[in-house]
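Since the structure comes first, as structure tokens, the remarks are kept for the end.
Per chain, numbering begins at 1; letters A, B, ... match sequence-line order.
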Amino acid sequence: MSEHHTHFIKHIVTEDMESGAYDSITTRFPPEPNGYLHIGHAKSIVLNFELADEFGGTTNLRFDDTNPLKEDKEYVDAIKEDIEWLGYEPENLRFASNYFEEMYNQAVSLIKRGLAYVEDLSQDEVRELRGTLTEPGKESPARNRSVEENLELFEQMRSGAFADGEKTLRAKIDMSSPNINLRDPVLYRISHTDHHNTGSDWCIYPMYSFAHPLEDAIEGVTHSLCTLEFEDQRPLYDWVIAKADLASEPKQIEFARLNLTNTVMSKRKLKQLVDEAFVDGWDDPRMPTISGLRRRGFTPESIKQFCREIGVSKADNLVDVRMLEHFLREDLKLKAPRTMAVLDPVKVIITNYPEGETEWLPAEVNPENEEMGTRQIPFSREIYIEREDFMEDPPKKYFRLFPNNEVRIKHAYFIHCHDFKKDENGRVTELYCTYDPETKSGSGFDARKVKGTLHYVEAGHAVPAEFRLYERLIDDEAEGDNFLDFVNSESLTVKHGFVEPNMADVTAYDKFQFFRHGYFSVDPKDSSPGAPVFNRVVELKSSFKLK
RNA sequence: AGGGCUAUAGCCAAGCGGUAAGGCAUCGGAUUUUGAUUCCGUGACUCGCAGGUUCGAAUCCUGCUAGCCCUGCCA
């Protein structure tokens with residue numbers, strides 16, 4: 001987290017501190033409460049909170065709620081929960097709507113100085129006069145209204161004298177600017193819509209480009225970080241700051257948003273996946289939303305470490321999702337108990353093991369973390385192993401079980417396969433093996449070596465469990481709007497198998513490494529006592545290349 | 001095309017005139033009661049391209065090319 005985690009925004013802040021421009025810095029995370037947070041927001045959250053912290057400053061959570069048509073309290077609650085879950089505590093909780101009165105006054109002040117005017121052209125007419133990317137715009141007839149008239153009209157807008165769309169308040173800047181954002185941008189529009197916070201107090205609402213710089217200035221934000229698509233708005237941001245009667249002069253800095261392979265990141269596309277039932281909701285474990293990642297089993301630390309390691313720049317990027325997975329494995333490696341689960345069971349009969357007998361074997365919970373201790377696991381005449389751990393006709397370099405081969409059963413004994421039974425469809429139903437008492441784990445037996453070690457669950461004490469295996473949500477890199485054509489129809493596979501006897505009463509979000517399978521997390525919605533449901537967060541890496 | 005921005009290995013990304021960090025991925029090899037972990041090793045005679053300045057350039061200058069963003073009363 002030190003010198004090689006530097007980036008251009010840190011350079012800017014460092015210079016600002018050294019030049020004495022600021023004594024300390026203040027940042028903010030400013031979501032609009034109109035949807036759920038995703039890992040792209042996590043990048044911004046980590047950046048804002050940790051940057052401020054590194055320079056001894058603080059970070060506000062401010063909801064940018066200037067458009068009541070799209071916003072809802074449901075989202076503010078979900079967003080607060082996600083940020084808290086990530087482990088950040090905002091210095092202040094604010095809403096843009098807290099400042100509506102102040103913003104109104106700033107607008108009035110602009111009008112008084114001839115810097116804003118009330119427009120009565122329709123939306124279409126305004127668009128006509130705006131010009132194009134290559135042609136300048138034309139000035140509106142309303143542009144030269146008197147200050148008095150503008151004041152009165154704006155007051156009437158507020159008091160509800162006009163219908164939606166009938167008037168707007170526009171900044172008077174430059175209709176021929178090559179930057180379209182400066183061609184007399186709209187500052188206020190009329191919307192007779194109840195607001196989640198201010199109810200029916202207002203029927204005019206400020207636009208983002210007017211509201212945001214004011215919010216920043218009011219809160220004393222020093223560095224206002226946003227994504228690249230706002231770059232063209234910076235001159236307007238600076239214009240508002242320069243004209244406003246506020247002491248503070250925040251600085252907008254833009255960085256590239258996060259793109260991840262095998263998924264989509266825009267609210268619109270995520271909503272489409274939900275609405276068209278490709279997934280089970282915003283918190284579906286396949287979704288890149290914070291709530292989806294949480295339900296899947298990702299940890300706050302893994303997400304934050306990922307966000308730190310991808311860096312911050314202005315270059316368009318597409319980060320490999322395997323990098324995210326790497327940090328989950330790294331986080332859980334020493335934390336998660338390592339237990340055994342058989343996802344697709346086939347029964348093994350140990351023909352030379354006494355009937356009716358069960359022995360309990362000691363098994364370390366995490367060989368890389370001895371503090372996690374030891375548990376006892378059963379072994380008897382009947383056990384389950386993984387169906388794919390046996391082959392009648394194995395290819396070369398198959399280290400698992402096949403006729404006349406010997407393998408180690410983890411924590412138990414070597415077993416030797418002598419025979420097997422198949423049903424009428426040719427599907428293996430039972431394996432017949434013998435065990436060698438001398439090979440007991442922990443005995444130090446080393447007279448023979450085996451190539452493979454298989455995990456198992458003892459049949460008599462096995463706890464039935466459901467396993468949900470997730471694959472990539474999107475097959476290839478979908479371009480533009482055709483991403484629905486690339487949705488992986490096999491992104492979810494459900495398995496029913498067994499876990500160890502001490503796993504019956506796991507609780508939501510408990511995390512385990514199942515030997516040779518990967519990291520799993522208890523599903524918070526569908527798991528119940530005695531009937532656990534496990535979500536596979538990520539697989540273990542594997543260099544097994546057969547098939 | 002008018003404006004804004006970006007371009008360093010397969011993917012992120014440091015580097016700020018002195019001779020290419022780091023992470024992910026990949027591929028080798030050692031260890032291994034997880035085909036995991038760990039450990040070692042692995043790739044840019046070169047920084048989008050072409051010129052120029054300089055003793056010296058990924059870093060400065062010029063030109064070009066490619067990609068992204070901007071014509072909401074969305075944010």
So, is A:Ser313 close to the B:rA13 phosphate, meaning a side-chain N or O under 4.0 Å from OP1 or OP2?
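Yes, A:Ser313 has a side-chain N/O under 4.0 Å of OP1/OP2 on B:rA13.
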Toward the 5' end of RNA chain B, by each residue's nearest nucleotide, A:Thr132 or A:Phe8:
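It is A:Phe8 whose nearest nucleotide is closer to the 5' end.
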Side chain of [X] only, please: which of [options] is the nearest?
X        : options                : answer
A:Glu368 : B:rA36, B:rU71, B:rC74 : B:rA36
A:Lys397 : B:rG35, B:rC24, B:rC74 : B:rG35
A:Leu540 : B:rA36, B:rG23, B:rU33 : B:rA36

Between atom [atom1] in [X] and atom [atom2] in [N], what is the gap in whole Å?
X        : N      : atom1 : atom2 : value
A:Arg28  : B:rA75 : CZ    : C1'   : 12 Å
A:Phe306 : B:rA25 : CZ    : C1'   : 13 Å
A:Phe520 : B:rA36 : CZ    : C1'   : 14 Å
A:Glu128 : B:rG72 : CD    : C1'   : 15 Å
A:Arg329 : B:rC24 : CZ    : P     : 11 Å
A:Asp389 : B:rU33 : CG    : P     : 18 Å
A:Arg130 : B:rC70 : CZ    : P     : 14 Å
A:Lys333 : B:rU32 : NZ    : C1'   : 15 Å

Would A:Phe515 count as stacked on B:rA36 if the rule is ring centres under 5.5 Å and plane angle under 30°?
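The ring of A:Phe515 is not stacked on B:rA36.
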Is the backbone N or O of [Y] less than 3.5 Å from a side-chain atom of [X], with the two atoms forming a donor-acceptor pair by type?
X        : Y        : value
A:Glu386 : A:Asp344 : yes
A:His455 : A:Ala341 : yes
A:Asp65  : A:Ala96  : yes
A:Asn405 : A:Arg400 : yes
A:Thr132 : A:Thr134 : yes
A:Arg145 : A:Val118 : yes
A:Glu364 : A:Asn366 : no
A:Asn150 : A:Tyr117 : no

Distance-only donor-acceptor test, A:Arg400 side-chain atoms vs B:rG35 base atoms, 3.5 Å
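It does, because a donor-acceptor pair links the side chain of A:Arg400 to the base of B:rG35 below 3.5 Å.
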Remember a base hit wins even if backbone is also touched, and classify [X] as base, sugar-phosphate or nothing at under 4.0 Å, heavy atoms.
X        : result
A:Gln123 : base
A:Gln233 : base
A:Ser209 : nothing
A:Tyr205 : nothing
A:Met207 : sugar-phosphate
A:His411 : base
A:Lys541 : sugar-phosphate
A:Leu332 : nothing
A:His11  : base
A:Glu119 : nothing
A:Gly442 : base
A:Val450 : nothing

Can you tell me how far [atom1] in [N] sits from the matching atom in [M], rounded to whole Å?
N      : M      : atom1 : answer
B:rA14 : B:rA21 : P     : 15 Å
B:rC64 : B:rA7  : C1'   : 14 Å
B:rC47 : B:rG15 : C1'   : 10 Å
B:rG63 : B:rC68 : P     : 24 Å
B:rC12 : B:rU6  : C1'   : 15 Å
B:rG4  : B:rU71 : C1'   : 14 Å
B:rC39 : B:rA44 : P     : 24 Å
B:rU59 : B:rG48 : C1'   : 15 Å

Could you tell me the Watson-Crick or G-U partner of [N], where both distances fall under 3.5 Å? Say none if there is no partner.
N      : answer
B:rG43 : none
B:rC68 : B:rG4
B:rA57 : none
B:rU62 : B:rA50
B:rC24 : B:rG10

A:Trp202 vs A:Tyr104 aromatic rings, parallel, tilted or perpendicular, using cut-offs 30° and 60°?
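Rings of A:Trp202 and A:Tyr104: tilted, as their planes differ by 30° to 60°.
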Near-ring test A:Tyr188/A:Phe154, centroid separation under 6.0 angstrom:
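A:Phe154 vs A:Tyr188: aromatic centres under 6.0 Å.
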Identify whether the glycosidic angle of B:rG72 places it syn (within 90° of 0) or anti.
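Chi for B:rG72 falls in the syn range.
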Which residues satisfy the ring-ring contact (aromatic ring centres under 6.0 Å, His included) test with A:Trp239, sequence neighbours excluded?
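In terms of ring-ring contact (aromatic ring centres under 6.0 Å, His included), with neighbours along the sequence ignored, A:Trp239 is linked to no residue.
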Pairing residues for A:His41 by the ring-ring contact (aromatic ring centres under 6.0 Å, His included) criterion, not counting sequence neighbours:
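For A:His41, the residues satisfying ring-ring contact (aromatic ring centres under 6.0 Å, His included) (neighbours in sequence not counted) are A:His38.
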For RNA chain B, find the residues of residues 188-198 of chain A with a heavy-atom distance under 4.0 Å and give them by number; none if there aren't any.
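Output list: A:Arg189.
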Those residues of residues 154-177 of chain A lying under 4.0 Å from RNA chain B by at least one heavy atom:
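A:Gly165, A:Thr168 - these, ordered by number, are the residues of the stretch whose heavy atoms sit under 4.0 Å from the strand.
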Run the side chain to side chain donor-acceptor pair (under 3.5 Å) test against A:Glu406 and tell me which residues pass, sequence neighbours left out.
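Only A:Arg448 meet the side chain to side chain donor-acceptor pair (under 3.5 Å) criterion with A:Glu406.
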cation_pi(A:Lys440, A:Tyr413) dist<6.0 Å, angle<=45:
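Output no; distance or angle outside limits.
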Establish, for the pair A:Arg536 and A:Phe514, whether the NZ or CZ atom is under 6.0 angstrom from the six-membered ring centre and no further than 45 degrees off its axis.
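Cation-pi check for A:Arg536 and A:Phe514: fails.
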Looking only at the side chains, is there a donor atom on one of A:Ser122 and A:Glu125 sitting less than 3.5 Å from an acceptor on the other?
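There is such a pair between these side chains.
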Table of protein N/O atoms under 3.5 Å from nucleotides 3-6 of chain B N/O atoms:
| unit_1 | atom_1 | unit_2 | atom_2 | d |
| --- | --- | --- | --- | --- |
| B:rG3 | N2 | A:Asp232 | OD1 | 3.3 |
| B:rG3 | N2 | A:Asp232 | OD2 | 2.7 |
| B:rG4 | O2' | A:Asp232 | OD1 | 3.4 |

